[in-house]
There are 2 protein chains.
Amino acid sequence: MSADQVITVRGDAELAARAGHLFTGARHDFVCAARDLDTWSQPEARLRIAGGMRAPDAPGFTVRKLLSPAALADEGARRHLREVTAKGAHVRISSAPLPHETIIIDRRVMILAAGDDGPGPREFTVTTVPALIGGVYALFQAAWETATDFTAYFDGAMPHLDADGLAVLRELGAGHTDEAAARRLGLSLRTYRRRVAALMAALDAGSRFQAGLRAAELGL
Amino acid sequence: MSADQVITVRGDAELAARAGHLFTGARHDFVCAARDLDTWSQPEARLRIAGGMRAPDAPGFTVRKLLSPAALADEGARRHLREVTAKGAHVRISSAPLPHETIIIDRRVMILAAGDDGPGPREFTVTTVPALIGGVYALFQAAWETATDFTAYFDGAMPHLDADGLAVLRELGAGHTDEAAARRLGLSLRTYRRRVAALMAALDAGSRFQAGLRAAELGL
DNA sequence: CCCGGACTGGCAGCTTGCTGCCACCGCGTT
DNA sequence: AACGCGGTGGCAGCAAGCTGCCAGTCCGGG
């Protein structure tokens, strides 16, 4: 048994001072799981760090960001995500809330931050213990595998799903026949089918089977 | 900044001696992510620990296990999983490999173990640092949310999917019409539809939409 | 008021999906 | 050979899904 190295720093400034070189020194991969992008309260610190990082599309270097749907709330965040994906970063959306932020650099350094609860400066926990990082990396992989890609999630069809679109989706998922579903929704058969057709167009699915597939992919 | 508490122990015996009370002291929840169940090389240590744990169905106590499909490889493991689910534990299957094992008890203690690489005794890393545990717990949640339930995964339909069942599934997913798909597979229309019907029965889906849904849930 | 647009419902007709029935084929058993 | 069995294909008929067309309704604007 032995004690090992875990340090905690308070506030962005101290993190940038103590761990900024870790960001700029990323060589192989950079993974990040967070609720949204408002993770650096001080934009200047964020810029200082980001400025020194390798480009996401550099050869042999991958950047992955796993975010919760909250990250898509405002247009600014969406634009930023489109920019980083254009630069080669991979962004996926997980349905889980992800209250804590996790960053792993080259599978050798891990930085964890609690959500912004409390008034004081945020606390960051930095560690290099391989066993910790390995375990967290495995969980990240598991969450990553099953998360949906940002572009699919966003450009796909998600945005334009109103309330009765979802109702139709539920009826379809319940396996009701069109006639039964139309009755349950108080619609005529004709209109219900119009809705279904619109839905399938939105999911650009050629068949109902495909529509079910896509719907499941995008989180029912 | 401050240094904090992370200790590593070697071998099951030392873990049981030093951390056994953590297992038996679990009061609120017990979560575990691992590749399979062969995680305790010494069955007696496992039994000693398990014997003292609270029953999974005790009020206010939840047990969750997240495993990779490898855990379903042999019949013994499947039987064991059926037993623990019957006792109230929740078991889900993630498509990710999960090379490392992670255990979190009451969101206060975390135990990480590397995969069984190397000849020596396994190393376990035990920590109580809240920030670390919070971050890992969030990732676990994310992976858990999107994993499929063990009973659905197993009792459902997964086992009985032969090669041409998958071929049919692919055709359906590609959105081809039955006629086109049958031609592509060199089958008659009648037989193709028989296959589809069998598939839908296996997925017990009443409609093709539902079948697509289930297929996506169970991993296309 | 009338007009245009968006949404809805009914009708009709077509395509597609689904299934029961029968016939055929290959195979191993009797 | 005869038989049963499982898988396959064709046919027919029904049910379900899909869409074009027209008519009615409900606005908001000219």
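For clarity, every value in this text was computed on a predicted model and none was experimentally measured. Lettering of chains follows the sequences in order, A, B, ..., and the numbering in each one begins at 1.
- As rounded to whole Å, 15 Å separates atom P of D:dC18 from atom CZ of A:F209.
- Where A:L187 and B:G206 each meet DNA chain C at their nearest nucleotide, the meeting point lying more 5' is that of A:L187.
- The residues A:E171 and A:R184 are annotated as salt-bridged, a charged nitrogen and a carboxylate oxygen being separated by less than 4.0 angstrom.
- The residue A:R208 sits close only to the backbone: its heavy atoms come under 4.0 Å of sugar-phosphate atoms, none of a base.
- One interatomic measurement links the two molecules: CG of B:L172 to C1' of C:dC18, which rounds to 14 Å at whole-angstrom precision.
- Taking side-chain N and O atoms only, B:R194 has no distance below 4.0 Å to OP1 or OP2 of D:dG9.
- Residue A:D178 places its side chain closer to D:dG17 than to any other of C:dT16, D:dT8, D:dG17.
- When all heavy atoms of A:S68 and A:A96 are compared, the pair lying nearest together is CB-O, 3.2 Å.
- Phosphate proximity of C:dC7 to A:R195: absent, as no side-chain N or O sits under 4.0 Å from OP1 or OP2.
- Between the CG atom of A:L189 and the C1' atom of D:dA15 there is a distance of 12 Å, rounded to whole Å.
- The interatomic distance linking A:Y192 (OH) with D:dC18 (C1') rounds to 13 Å, in whole Å.
- The pair A:D178-A:R195 does not meet the salt-bridge criterion, since no charged nitrogen lies less than 4.0 angstrom from a carboxylate oxygen.
- Computed from coordinates, the B:M200 CE to C:dT16 C1' distance equals 13 Å when rounded to whole Å.
- Comparing A:H176 and A:R190 by the nucleotide of DNA chain D whose heavy atom lies nearest to each, the residue mapping closer to the 5' end is A:H176.
- Nearest nucleotide to the side chain of A:S188, out of D:dT8, C:dT19, C:dG9: C:dG9.
- Aromatic ring orientation, A:Y137 versus A:F140: tilted (interplanar angle from 30° to 60°).
- Electrostatic pairing of A:R107 and A:D29 does not count as a salt bridge here, judged by no charged N lying under 4.0 Å from a carboxylate O.
- Closest contact between the side chain of A:T177 and the listed nucleotides C:dC18, D:dA16, C:dG9 involves D:dA16.
- At whole-Å resolution of the value, CZ in A:R193 and C1' in D:dA15 are 10 Å apart.
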